[in-house]
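Before any comments, here is the structure.
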Amino acid sequence: MLYTNTLLIFGILIILGLSAWAVILWREVFANQAKLKQFEKQQKDFLASSVKILALAIVNDQLNLTEGAIRLKILLDNIDEGLVKQPDFVVFDTIYNATKHMATHDARQAMQLSLKIQQDIERTDLEDQYGEAIKSAAKKLLSTRF
């Protein structure tokens with residue numbers, strides 16, 4: 001009988017210990033979830049701020065339209081991939097897709113002059129065709145809440 005009572009008490013202590021440990025682990029899970037939500041909110045706020053800065057630079061003619069459209073497309077994709085599919089902002093996706101074959105940075109520096117000129121003409125044609133749409137979309141971004 002004493003042996004059975006000892007085992008019963010020992011079993012109860014093990015169950016209480018494991019229950020306490022489970023409670024501690026769940027608290028850690030909830031704390032980590034709260035930290036993750038806070039981090040995601042900070043990241044989204046930073047991206048939204050970057051979008052506003054770029055959009056304002058486009059509206060004020062302080063940034064090349066093609067470069068601004070490409071940067072905005074990437075930032076908007078990081079906020080929500082569906083944003084550039086919306087009619088107001090689809091121009092950013094259009095410019096991105098129309099220019100993704102163009103060389104940049106070191107690859108552009110290594111290109112022959114004739115190819116650089118050809119790409120510049122293509123980029124200028126895109127800006128002539130979509131310039132107003134890019135500026136209009138940038139203006140809409142300034143009043144958009146993310």
Side-chain angles (χ1 to χ4, degrees), residues 7-146:
L7 284 177
L8 183 63
I9 291 172
F10 185 68
I12 291 172
L13 289 175
I14 289 174
I15 291 170
L16 288 175
L18 290 173
S19 297
W21 187 31
V23 167
I24 291 169
L25 291 176
W26 274 110
R27 284 185 180 169
E28 286 181 26
V29 167
F30 291 131
N32 287 338
Q33 286 176 337
K35 287 178 187 176
L36 180 61
K37 283 183 182 179
Q38 178 64 24
F39 174 77
E40 288 172 346
K41 183 186 179 322
Q42 288 174 342
Q43 184 180 23
K44 188 173 181 180
D45 290 346
F46 176 77
L47 291 170
S49 174
S50 298
V51 165
K52 301 287 183 179
I53 290 167
L54 286 174
L56 187 60
I58 287 173
V59 169
N60 291 330
D61 295 321
Q62 297 172 329
L63 180 62
N64 174 281
L65 293 175
T66 303
E67 182 178 347
I70 292 168
R71 288 182 181 201
L72 284 170
K73 189 267 195 231
I74 293 168
L75 287 172
L76 291 172
D77 276 350
N78 280 294
I79 293 172
D80 178 356
E81 289 184 12
L83 285 172
V84 294
K85 302 302 181 196
Q86 293 179 7
D88 289 341
F89 308 125
V90 74
V91 68
F92 300 130
D93 193 47
T94 302
I95 296 296
Y96 178 84
N97 288 321
T99 60
K100 65 183 173 183
H101 70 280
M102 293 182 181
T104 61
H105 305 94
D106 291 338
R108 180 171 168 79
Q109 294 298 323
M111 286 175 63
Q112 293 178 359
L113 181 59
S114 61
L115 291 175
K116 284 183 192 178
I117 292 171
Q118 183 181 357
Q119 284 189 358
D120 288 345
I121 291 170
E122 186 179 349
R123 182 184 47 78
T124 303
D125 289 345
L126 283 170
E127 289 176 0
D128 289 344
Q129 183 179 356
Y130 293 103
E132 289 306 314
I134 293 170
K135 286 186 176 187
S136 176
K139 285 178 188 174
K140 288 180 182 170
L141 282 174
L142 292 174
S143 62
T144 300
R145 289 186 50 98
F146 300 102

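The chain is numbered in sequence order, starting from 1.
Residue pairs meeting the salt bridge (charged side-chain N to carboxylate O under 4.0 Å, His left out) criterion with at least one partner in residues 13-42, sequence neighbours excluded, are Lys41-Asp45. Residue pairs meeting the salt bridge (charged side-chain N to carboxylate O under 4.0 Å, His left out) criterion with at least one member in residues 96-105: none, sequence neighbours excluded. Among pairs with a residue in residues 23-55, those fulfilling ring-ring contact (aromatic ring centres under 6.0 Å, His included) read Trp26-Phe30, at least two apart in sequence or across chains.
Among residues two or more places apart in sequence or in another chain, the side-chain contact (heavy atoms from CB on, under 4.5 Å) test is passed with Asp120 by Arg108, Arg123. Remark: Phe10 pairs with Ile14 by the side-chain contact (heavy atoms from CB on, under 4.5 Å) rule, at least two apart or across chains.
The distance from the CG atom of Leu115 to the CD atom of Gln119 is 7.0 Å, given to the nearest 0.5 Å. Atoms CD1 and OG1, from Ile58 and Thr66 in turn, are 9.5 Å apart once rounded to the nearest 0.5 Å. With rounding to the nearest 0.5 angstrom, the CD atom of Glu67 is 7.5 Å from the CD1 atom of Ile70. Note: Ile12 CD1 to Leu16 CG = 7.5 Å, rounded to the nearest 0.5 Å. Rounding to the nearest 0.5 Å gives a distance of 11.5 Å between CD1 of Ile95 and CG of Leu72. Atom-to-atom distance recorded for Ile74:CD1 and Ser50:OG is 12.5 Å, nearest 0.5 angstrom.
In this structure the side chain of Leu47 never reaches within 4.5 angstrom of the side chain of Phe146, judged on heavy atoms.
Pairing each heavy atom of Ala138 with each of Val59, the nearest pair is CB-CG2, 3.9 Å. Shortest non-hydrogen contact noted between Leu65 and Gly131 is CD1-CA, 3.7 Å. Between Ala69 and Ile134 the shortest heavy-atom distance is CB-CD1, 4.2 Å. Between Ala98 and Glu122, the closest heavy-atom pair is O-OE2, 3.9 Å. Here the closest heavy-atom approach between residue Leu142 and residue Leu56 is recorded as CD2-N, 3.8 Å. Counting all heavy atoms, side chain and backbone alike, Phe92 lies closest to Ala137 at CZ-CB, 3.5 Å.
Counting heavy atoms of neighbouring residues, nucleotides and ligands inside a 6.0 Å radius, atom NE2 of His101 exceeds 12 of them. Enclosure of atom CG in Asp128 by more than 12 non-hydrogen atoms of other residues, nucleotides or ligands within 6.0 angstrom is indicated. By the neighbour-count criterion of 12 heavy atoms within 6.0 Å, atom NZ of Lys116 is densely surrounded, having more than that number from other residues, nucleotides or ligands.
Side chain of Lys52 to main chain of Leu141: a donor-acceptor pair is present (N/O by atom type, distance under 3.5 Å, no hydrogens or angles). Remark: the backbone N or O of Gln62 is not paired with any side-chain donor or acceptor of Asn60 at under 3.5 angstrom. The backbone N or O of Glu132 sits nowhere less than 3.5 Å from a side-chain atom of Ser136 that would complete a donor-acceptor pair.
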Donor-acceptor list for residues 83-91 side chains, cut-off 3.5 Å, not counting sequence neighbours:
{"unit_1": "Lys85", "atom_1": "NZ", "unit_2": "Asp93", "atom_2": "OD2", "d": "3.0"}
{"unit_1": "Asp88", "atom_1": "OD1", "unit_2": "Lys140", "atom_2": "NZ", "d": "3.2"}

* Please step through side chain to side chain contact (heavy atoms under 4.5 Å, CB included) for the pair Asn64 and Glu127, ending with a clear verdict. => CA-CA 9 Å; Asn64 174 281; Glu127 289 176 0; 3.1 Å; yes
* To do: Please step through side-chain hydrogen bond (donor to acceptor under 3.5 Å, both in side chains) for the pair Gln43 and Asn78, ending with a clear verdict.
  => CA-CA 10 Å; Gln43 184 180 23; Asn78 280 294; over 6 Å; no
